[in-house]
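Remember, it's 1-based here, ligands and their atoms both numbered in the order they're listed.
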Amino acid sequence: MRFAFVGGKAGPWRVLSVTAVRGASLTPVTHLDLYPVAAGKLSPCGEWQLEGLISNLRYATRSEVANLKAAQEGLGRPAARRAALIPIKKSREWWSLAQDERRAIFEETSHHTAIGLTYLPAVARQLYHSRDIGQPFDFLTWFEYPPEHAEAFEDLVARLRATEEWAYVEREVDLRLERR
Ligand code: HEM
């Protein structure tokens, strides 16, 4: 399923901040909308539009998948009034590695899933893949959490950014959002 995040003047999510973590930023906007892209349907106008697909897992092992399923909660919880959209592009060096080398950096060295799991179920997440559909970012990462977990979410992001995996991130923009 293909989705579009549209940054502009309308949408259920109010933009609290837009930060260029690495590389070029996105034009600051006040609102964000998310909708499924229907074939042939014209996109609503906005300052920018980023698209991604919900796809299969690449790196997670069977036991990691079981741990994630046991701990995670779904999107759209009424109490989860804060969100983050973090579009990420990884380097050519990352994509030139073999699958097993990427997995080793992702988990055995950087402990991405192990770290992330400790922030569940407060944070609900969805990963969108964009690289194979000619988008400016490789991934659109989306997170929803209750306001009282906002500090913990910043802690999670800081821990991941300190890992070896992030040495392969060449562009990253970080949006914080709120809905009423
Ligand atoms: C909330 C806790 C989190 C958990 C449990 C988690 C878990 C995961 C898992 C299991 C995958 C691999 C999916 C696969 O097998 O293909 C993944 C991928 C990814 N996550 Fe997270 N994650 C979390 C937070 C974050 C955060 C905060 C960011 C961004 C700052 C992030 C960025 C990414 C990216 C970019 C990928 C794709 C990596 C690639 O395929 O190269 N994750 N995450």
Side-chain angles (χ1 to χ4, degrees), residues 1 3 5 16-23 25-26 32 50-77 79-133 135-177:
M1 186 90 163
F3 287 87
F5 287 92
L16 300 174
S17 63
V18 179
T19 311
V21 180
R22 202 167 292 175
S25 192
L26 287 165
L32 184 80
L50 299 172
E51 296 187 11
L53 302 162
I54 297 181
S55 183
N56 59 285
L57 296 170
R58 268 48 167 190
Y59 304 117
T61 61
R62 184 171 290 271
S63 66
E64 285 162 359
V65 170
N67 291 339
L68 287 162
K69 279 194 176 146
Q72 70 198 7
E73 286 189 1
L75 301 179
R77 295 167 297 173
R81 286 181 284 108
R82 289 290 184 90
L85 172 65
I86 309 182
I88 286 177
K89 183 177 169 65
K90 286 184 168 176
S91 63
R92 190 191 296 231
E93 198 189 349
W94 171 263
W95 293 110
S96 69
L97 296 171
Q99 176 80 9
D100 59 338
E101 295 173 307
R102 292 197 299 266
R103 154 75 200 183
I105 294 165
F106 178 85
E107 197 58 40
E108 278 68 32
T109 309
S110 301
H111 310 294
H112 185 125
T113 308
I115 292 173
L117 266 168
T118 64
Y119 294 83
L120 269 44
V123 180
R125 46 180 275 279
Q126 181 64 60
L127 177 65
Y128 298 86
H129 287 262
S130 300
R131 181 169 189 257
D132 293 339
I133 53 171
Q135 288 283 303
F137 294 92
D138 295 335
F139 307 100
L140 307 175
T141 67
W142 176 256
F143 308 92
E144 293 177 5
Y145 46 91
E148 58 270 29
H149 291 281
E151 217 172 296
F153 184 75
E154 299 310 322
D155 177 61
L156 161 64
V157 169
R159 283 176 71 186
L160 289 177
R161 286 189 182 135
T163 63
E164 191 190 332
E165 185 195 351
W166 251 255
Y168 296 89
V169 172
E170 70 173 33
R171 188 178 177 199
E172 179 176 6
V173 184
D174 194 334
L175 283 85
R176 291 287 179 278
L177 310 130

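- Scanning the protein heavy atoms around atom 5 (C) of ligand 1, the nearest turns out to be G116 C, 3.5 Å.
- Heavy atoms from other residues, nucleotides or ligands lying under 6.0 Å from CD of E151 number 12 at most.
- Summarising the geometry of K90 relative to F139, their closest heavy-atom pair is CD-CE1, 4.1 Å, with the distance given to 0.1 Å.
- Near L68, meaning under 4.0 Å from one of its heavy atoms, ligand 1 places the atoms 5 (C), 10 (C).
- Separation of the Y145 and Y119 ring centroids does not fall under the 6.0 Å cut-off.
- Using bins of under 30°, 30° to 60° and over 60° for the plane-to-plane angle, the ring pair F153/F143 lands in the tilted bin.
- Residue H129 has no nitrogen or oxygen atom sitting less than 3.5 Å from a nitrogen or oxygen atom of ligand 1, judged on distance alone.
- Protein heavy atom in closest approach to atom 36 (C) of ligand 1: L127 CD1, 3.9 Å.
- For atom 17 (C) of ligand 1, the closest heavy atom belonging to the protein is F106 CZ, 3.5 Å.
- At the top of the distance list for atom 41 (O) of ligand 1, counting protein heavy atoms only, stands K90 NZ, 2.7 Å.
- Nearest non-hydrogen protein atom to atom 16 (O) of ligand 1 is R58 N, 2.5 Å.
- Atom 9 (C) of ligand 1 has R125 NH2, 3.4 Å as its closest protein atom, hydrogens excluded (heavy atom only).
- Distance check, rounded to the nearest 0.5 Å: CD of E51 to CD1 of I133 gives 6.0 Å.
- Nearest non-hydrogen protein atom to atom 39 (C) of ligand 1 is F139 CZ, 3.2 Å.
- Within the listing of ligand 1, atoms 30 (C) sit less than 4.0 angstrom from a heavy atom of I86.
- For the pair N67 and Q72, the minimum side-chain heavy-atom distance is 4.5 Å or more.
- Annotation: atom 33 (C) of ligand 1 to nearest protein heavy atom, H112 CE1, 3.3 Å.
- Nearest-heavy-atom check against atom 27 (C) of ligand 1 across Y168, F143, Y119, W94 picks out F143.
- In L117, the part holding a heavy atom less than 4.0 Å from any atom of ligand 1 is the backbone.
- Looking at L160 against ligand 1, only its side chain comes within 4.0 Å, counting heavy atoms.
- Contacts between W166 and ligand 1 below 4.0 angstrom, taking non-hydrogen atoms only, involve the side chain exclusively.
- Defined by atom type and a distance below 3.5 Å, a donor-acceptor pair is present between the side-chain atoms of T113 and E107.
- If you look at I115 next to ligand 1, there are no close heavy atoms at all, none under 4.0 Å.
- One N or O on the side chain of T109 and one on the backbone of A104 form a donor-acceptor pair closer than 3.5 Å.
- Closest approach of H112 and L160 over heavy atoms only: CA-CD2, 4.0 Å.
- Of all atoms in ligand 1, listed by their number and element, those nearer than 4.0 Å to a heavy atom of L57 are 13 (C), 14 (C), 15 (O), 16 (O).
- For R125 and W142, the positive end is not near the middle of the six-membered ring at less than 6.0 Å and at most 45° from its axis.
- Counting only heavy atoms from C-beta outward, the side chains of K89 and V169 never approach each other to under 4.5 Å.
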